[in-house]
Structure formats: C-alpha cells, structure tokens
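Below is one structure, written out as structure tokens; comments come after it.
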Amino acid sequence: MNGRISRVEAKRLIYGLSLASIVVYINLYLMQGMLPMLSERFMLGGGESSLVLSVTSFSLAFSLLGFALASDAIGRFRPMMLALWLLALSNPLMLLIESWHGFLGLRLIQGVLLAAVPAIAMAFLRERLPLAALIKAAAFYIAANSFGGIVGRLLGGAMAQHLDWQGSVLALSLLTLLAVAVCHLLLRPAADSGRHRVRETKPWRGFALHLGRAELRLLYLLGGLAFMVMVNQFSFIQLHLLKTPFEWSRFEVTLIFLCYLSGTLSAYRSAAVVARLGVMGLFCASLLLMVAGSLLTLIDTAPAIIGGFLMTACGFFLIHACCNSQVALKATGHRAKASALYLCCYYLGAALGGPFLMPFWQQGGWGGVVAGSLLLLGVAALVMYRLGRRLAADSAPKPEITAQDEPSGAVLPLAEPGCKAC
C-alpha cells in the first residue's frame, strides 16, 4: 500500500472505480442491445450492424497496453479521468454522423477511451489498499463489470424500443456525463497520494517476457477464443429472435442477456470448481458446456435457446475466470502487463468474432453461426490440449509434495496431467 488510507477514503476509491467500470461497460455494450435500431438507422443488412461491437473491442484491446504504460509513467488518476471526460464529450457527436462508416470510426475512437479504466483500475486498487481489503474490493469491482455489461445491453434494448435515435443518444450522453462527474468527485482525493511512477528504460520488456512464455500465450489464446464465440453469439441471436417464428420486440431480444447471470454465478464459484476438478478439468468441463449449449440452441425453440445460452455463459465465465487467475499465478513479474496482455487478447477475440461469424450468418442463419462457433471451439480444444501438456511438463520435474508436507492454505495446483472431463 502506498501511504495510509482511511476507511472512508477506501470506500470512495472502491465506489469510484466501480462506477467508472459501470460507465465503461454500459458505453461498450449498449450498442449491442441496439443492433436492430442501428440496422434501421443506417439501412444495414446481413448482420452488418454486429460490426459496431467488433471495431470498438478492437481499438479497446490494443489501447489497454498503451494505458498500462501511460499510467506507470504519469499516474493512475489523470489518464483515466481524461479518457472518461473525453468519452462523455464524444457521445453527442453520434447525432452529427449520418454514414455507417463515420459511425464506426467514432466507435473506434471511443474504444481507445474505454480502455483506460480496465487497464488502470486494478493497479489503482493494489497501490492504495491493504491485501485484506484488496480481495474484497477486487470482487466488488469485477461484479460492477458484469453489472455494467448487463445493464448496458438491457438499457440499449429499452432505448431502441421506446426512444428514437436522437432520444437514445441524448439519454446516453446525459447518463455518462453525470456518472463521470460523480467518478471525478469520488476519486479526486486519491489522485495525489495514489500517484505512481515507474521509470523503465525498456517499458515494453515486460510484454516481451510474457509473450515469450508458451503457457501464457496459450492462456491468452484460450480466453480470446472463448470470448470470440460467446459475445458474438449474443449479437447474432438477437437478429434471429427478431425473425419468424419468434418475432420478439427490440427490448425482448435483449432479455437474452440475462443469461449472463449464470456466468456471473459460475465465475463466483470457479475457485470451488477448480478445487474439485483441477484447472484442466475445469477447462474441459467448461468447453463441453459451451459446445452442448451451442448445440441445444439448434432445437430453435425459446426454452431451448435460453437453456443453451445459460450453459454457454456458464462455461465461458468459468474459462475466463480460470484463465485470468492462471495468468496472475504464472506471471513471475510485471503482473499488470501480463493481465493487460490477457485483456488485449480477450477483447481482440470479441473484435474478430463478428467478422468471422458474419459469413456463417449470411449463408446459414443461426445454424451457420452455431457451425462457425463449433469450429472455433474445436480450435480452443486443441489449444487446451497443448496447454495441458505444457503445464504437465512444467510440473513434472518438481518433487512430489505429500499431504504431510503441504502447507495449509496452499495455492491450488496449476494443472494435472490428465483431464477426466475430456
């Protein structure tokens, strides 16, 4: 901890960063709930509106690395708040843009601004809080991420149903502006005492070290592939549910995002699942859940689709939570940069998934999307197999620890040679 911090200051910091996270994920995912409105607004077809999430996720992914470096050099508060204020001021510009490509260009820029909070927030918390408070604060912050994503999608659907384009943009602009102002007030007291400076002659060295390790590269790839499938399935299923025989309303199709709640619960329980199955057992069981959930949606009834997405979200969030924790455990130094690289690959997966699955949607509808998803999950299975072999090989030379020698509260094993779930 960098200096003493009172209970009141700690609460302000946690609430301020959590609110900032909610703002970011509402602005990121609100457009995913407005895909039908975007299709009408810009006269799009063939699932082209799903690219709005892809371009934002693409710029967000690579900007995470830049903000991680910038916050080490100039502090946490200033780059984060500057990005949030610019985000708030950029939203009204949507009203001035008439072309689809111009709108995608604006969302590309906004993706850069959205990267500041996820790149900086955890480092901010680590510097200012003691370990006991940090664990609870991190859980609260991650819950805010999930909450912001769900609210953003549902809010987008409600706006698309009850407001026109101008009203939706103005509502988003006002909500973002007010929330950013509150964030500034909550975080300002921590700005001076929470400053952090790292003078590195080779600031990119940490990234290179992590990318040079095969097990970390495989974890990055696995998380990106899983998110590539899950988040884009949620985009295309909205377009499917708008059609016959479902003909759901704009708001009703966004209710499918409530299936994310099964993922929130599974992420919370992931440590218990690892304790029972081991890391590779969790990965295999989670991948099977995503495959089974995708196949279940082919029955093409509302209960089957909802059940399938509950399974897919559950499996994905187990993979995501375990990849995230394994990256932190396997990184021997520069842990913030290791996490930034993971998030970069994670959002890059979201960005590439839309263009990859779009031809499948155009040629085969929802069945085509499922086929494309299964192809990606097959690649994820190969990555998982190589990861298991790599982790098993790394752990093989180590002396066996007996039950008598193992300390209480020991870290869970990183991998097992076999995977019973497969």
Side-chain angles (χ1 to χ4, degrees), residues 28-54 100 146 149-165 168 227-264 289-317 350 353-377:
L28 176 61
Y29 289 118
L30 181 132
M31 291 299 163
Q32 193 178 19
M34 299 178 70
L35 295 183
M37 174 180 275
L38 290 174
S39 297
E40 294 178 7
R41 161 74 177 171
F42 296 104
M43 294 180 290
L44 306 174
E48 193 177 356
S49 60
S50 64
L51 291 176
V52 70
L53 180 62
S54 296
W100 174 236
S146 176
I150 294 173
V151 170
R153 291 167 170 111
L154 295 178
L155 187 61
M159 288 179 174
Q161 181 72 24
H162 300 293
L163 300 176
D164 59 11
W165 175 249
S168 299
F227 198 43
M228 191 176 183
V229 171
M230 200 275 299
V231 74
N232 287 288
Q233 279 191 352
F234 272 94
S235 291
F236 286 106
I237 196 62
Q238 292 181 82
L239 304 177
H240 181 63
L241 293 174
L242 286 169
K243 296 182 176 182
T244 306
F246 302 101
E247 296 183 338
W248 289 12
S249 70
R250 290 176 175 177
F251 177 69
E252 286 172 342
V253 296
T254 61
L255 294 178
I256 195 70
F257 290 112
L258 291 175
C259 293
Y260 263 68
L261 294 174
S262 71
T264 303
L289 267 177
M290 293 188 71
V291 170
S294 298
L295 291 173
L296 182 59
T297 63
L298 292 176
I299 296 177
D300 213 27
T301 63
I305 289 173
I306 293 170
F309 271 87
L310 286 169
M311 293 170 66
T312 298
C314 179
F316 163 73
F317 274 99
F356 176 81
L357 290 175
M358 187 180 299
F360 290 91
W361 165 259
Q362 292 171 336
Q363 296 299 320
W366 177 247
V369 172
V370 172
S373 300
L374 293 177
L375 181 61
L376 291 173
L377 292 175

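What you see is a predicted model, and the numbers here were worked out from it, not measured in a lab.
- In this structure, CG in Leu376 is found 5.0 Å from CE in Met228, a value given to the nearest 0.5 Å.
- Sequence neighbours left out, not one pair with a member in residues 359-375 passes salt bridge (Lys or Arg N to Asp or Glu O under 4.0 Å).
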What pairs of donor and acceptor atoms, side-chain ones from residues 239-247 against any protein atom, are under 3.5 angstrom apart with sequence neighbours left out?
residue	atom	partner	partner atom	Å
His240	NE2	Asp300	OD1	2.7
Thr244	OG1	Glu247	OE2	3.1

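- For the atom pair CE of Met31 and CE of Met159, the computed distance is 8.5 Å after rounding to the nearest 0.5 Å.
- Formation of a donor-acceptor pair under 3.5 Å by the Arg250 side chain with backbone atoms of Ala160 is found in this model.
- Shown here are the ring-ring contact (aromatic ring centres under 6.0 Å, His included) partners of Phe309, two or more places apart in sequence or in another chain: Phe234, Trp366.
- What you find for Gly149 and Tyr29 is that their closest heavy atoms are CA-CD1, 3.9 Å.
- Interatomic distance, Met230 CE to Cys314 SG, rounded to the nearest 0.5 Å: 11.5 Å.
- The heavy-atom pair separating Ala292 from Met311 by the smallest distance is CB-CE, 3.5 Å.
- Residue Met34 comes nearest to Gly156 through the heavy atom pair CG-O, 3.2 Å, listed as atom of the first residue, atom of the second, then distance.
- Every side-chain hydrogen bond (donor to acceptor under 3.5 Å, both in side chains) that Gln233 has, sequence neighbours left out, goes to Ser294, Ser373.
- For the pair Thr297/Ile237, no side-chain contact is recorded, criterion being any heavy-atom separation below 4.5 Å from C-beta on.
- Residues satisfying the side-chain hydrogen bond (donor to acceptor under 3.5 Å, both in side chains) test with Ser235, not counting sequence neighbours, are Gln32.
- With a 4.5 Å cut-off on side-chain heavy atoms, Leu258 and Ile306 do not count as touching.
- Aromatic ring orientation, Trp165 versus Phe42: perpendicular (interplanar angle above 60°, classes split at 30° and 60°).
- Heavy-atom minimum distance, Gly33 versus Gln238: CA-OE1, 3.8 Å.
- Counting only heavy atoms from C-beta outward, the side chains of Trp248 and Thr254 never approach each other to under 4.5 Å.
- Between Leu53 and Leu28, some side-chain heavy-atom pair lies under the 4.5 Å cut-off.
- Between Tyr260 and Phe317, the angle of the ring planes goes over 60°, which puts this pair in the perpendicular group of the 30/60° scheme.
- With sequence neighbours excluded, no residue forms a side-chain hydrogen bond (donor to acceptor under 3.5 Å, both in side chains) with Thr312.
- Residues Leu38 and Ser49 share a closest heavy-atom pair of CB-CB, 4.3 Å.
- Of all heavy-atom pairs between Arg153 and Val231, the closest is NH2-CG2, 3.8 Å.
- Within the model, atoms CZ of Phe236 and CG of Leu357 stand 5.5 Å from one another, a figure rounded to the nearest 0.5 Å.
- Note that OG of Ser39 and CG of Leu44 are 5.5 Å apart. Values are rounded to the nearest 0.5 Å.
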